[in-house]
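Treat the numbers as computed from the prediction; the structure is a model and nothing was measured. Just so you know, residue 1 is the first one in the sequence shown, and it goes up from there. Every number for a ligand or one of its atoms is a count from 1 in the order of the listing.
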Amino acid sequence: MTETPVEAPLGMLIELTHRCPLHCPYCSNPVELVSRARELTGAQWIDVLTQARELGVVQMHFSGGEPLARSDLPELIAHARQLGAYVNLVTSGVGLTVERARLLAERGVDHIQLSMQDADSRNADLIAGARVHAVKLRAAEAITAAGLPLTVNVVLHRTNIDRVERIVDLAVGLGADRVELANTQYYGWGLRNRAALLPTAVQLDAAREAVQRARVKYADGPELVYVVADYFADRPKPCMDGWGRLQLTVTPEGNVLPCPAASAITTLPVENVLLRPLAEIWYLSKTFNAYRGTAWMREPCRSCPERFTDFGGCRCQAFQFTGDAAATDPACGLSPHRPLVDAALTETAEPAFTMRAQAAP
Ligand code: SF4
Ligand code: FES
């Protein structure tokens, strides 16, 4: 099979800021957070959004950190909407009052994804590192009152995965149109806290069954998405639906990445939108072309029939485990490095987390 030509990206993750009022130990932001002083200005973000739309991006995901920490968020959202993009806001909900939710809806937000930490308020606040659970419940009300579709997203780990059904009940009670239960991905702060976050195999089995029961209980909706834990699977996730294929990420200081965690791959050149046009970075840069398609693959991926559907798994995970981003994802049972993942599964620690730090001013 020949390589398919590079197509325009579909979606862009816009990491407006690394500032955040929460301290979740599973945060996938890099351990080296970008300071407020290094963030792109509003005018620079407007230019990035315009370039992205010209490039073909149709889904713009405003994220962070906490995007509400940017006072110019309504203007940026309005610009994205004027460009004709679908606008998604990914938020902790802290600071999302009724008035603010209404304003964002007026400016053109199409959908809001609200993170919750747990159905148990005490543990939720412990995981967030702040007393925010009650604030989030009010934010959910503000979102639905503004007439906006709501996705409730909960990252699962050892200290909350036993409450899957209660979590789904909570999300349904909040009026969620979609519930995402995502097992922790081990990047950034999540990687640092891996031994304290990893659930046991017994917990995972119970969670799978709990999800099945919830699907039966809520057969008429909302949509329930369960993202599996790839460390425990025999095949890797099709990370990003392929490197440089559908998505790009722009970090608070304007670095352009094929995935949110790719800054951890220290062997790749850093591309920045202040130094090079977005289209040139997407189509021509070494970073975006490094792992596109299948030609870069080695065995066992090179001759594996799965390579067109899982794209060899995750480049960031391959780099974390082996120091070589072109290696087969060690989460794959066919990888010679799979014993490294199995060894990680045996490393457990008490949940004494290193909480996510604050971005510097
Ligand atoms: Fe996917 Fe490569 Fe594993 Fe095959 S060998 S299943 S392509 S990661
Ligand atoms: Fe970067 Fe998977 S997280 S490629």
Side-chain angles (χ1 to χ4, degrees), residues 1 3-4 6 9-13 15 26-32 61 63 90 153 155 180 182-194 197 227-251 255-271 281-282 285-342 344:
M1 188 182 287
E3 294 286 313
T4 49
V6 179
L10 186 71
M12 177 165 73
L13 183 70
E15 287 185 355
Y26 53 69
C27 183
S28 60
N29 280 163
V31 174
E32 296 294 328
H61 307 279
S63 178
V90 182
N153 174 283
V155 174
E180 270 180 21
N183 276 284
T184 306
Q185 309 273 350
Y186 298 105
Y187 307 107
W189 295 88
L191 180 62
R192 178 171 281 196
N193 286 299
R194 184 174 64 191
L197 289 164
V227 181
V228 298
D230 64 348
Y231 278 37
F232 289 84
D234 188 45
R235 290 292 182 270
K237 57 185 179 287
C239 200
M240 303 306 296
D241 291 312
W243 181 272
R245 204 171 80 87
L246 298 175
Q247 319 268 352
L248 58 102
T249 295
V250 183
T251 68
N255 289 346
V256 186
L257 304 171
C259 81
S263 60
I265 304 180
T266 51
T267 47
L268 286 175
V270 177
E271 297 290 345
I281 295 172
W282 175 261
S285 71
K286 183 177 172 196
T287 295
F288 272 79
N289 282 303
Y291 310 113
R292 265 193 175 125
T294 55
W296 57 273
M297 291 178 178
R298 306 190 204 119
E299 295 297 346
C301 295
R302 182 176 266 286
S303 56
C304 177
E306 301 295 326
R307 67 190 184 281
F308 303 108
T309 47
D310 72 14
F311 313 102
C314 175
R315 298 305 88 229
C316 297
Q317 200 148 273
F319 185 80
Q320 276 167 19
F321 276 99
T322 72
D324 177 3
T328 293
D329 185 341
C332 178
L334 301 174
S335 161
H337 296 110
R338 174 69 209 193
L340 297 174
V341 174
D342 292 332

Distance filter under 4.0 Å to C239 heavy atoms, resulting ligand 2 atoms: 2 (Fe), 3 (S), 4 (S)
Any residue meeting ring-ring contact (aromatic ring centres under 6.0 Å, His included) with F288, in chain and number order, not counting sequence neighbours: W282
Listed partners of F321 passing ring-ring contact (aromatic ring centres under 6.0 Å, His included), at least two apart: Y231
Side-chain heavy atoms of C316 within contact of C259, under 4.5 Å: yes
L334 vs R235 side-chain heavy atoms within contact, under 4.5 Å: yes
Q247 vs L13 side-chain heavy atoms within contact, under 4.5 Å: no
Enumerated ligand 2 atoms positioned under 4.0 Å from heavy atoms of C259: 1 (Fe), 3 (S), 4 (S)
Which residues share a ring-ring contact (aromatic ring centres under 6.0 Å, His included) with W189, sequence neighbours left out: none
Any side-chain heavy-atom pair of F319 and T266 under 4.5 Å: yes
Atom 4 (S) of ligand 2 - nearest protein heavy atom and its distance: R315 N, 3.5 Å
Part of C314 with heavy atoms under 4.0 Å of ligand 2, whether side chain, backbone, both or neither: both
2.8 Å cut-off (strict), protein N, O or S atoms about atom 3 (Fe) of ligand 1: 1
Heavy-atom side-chain proximity of E15 to N29 below 4.5 angstrom: yes
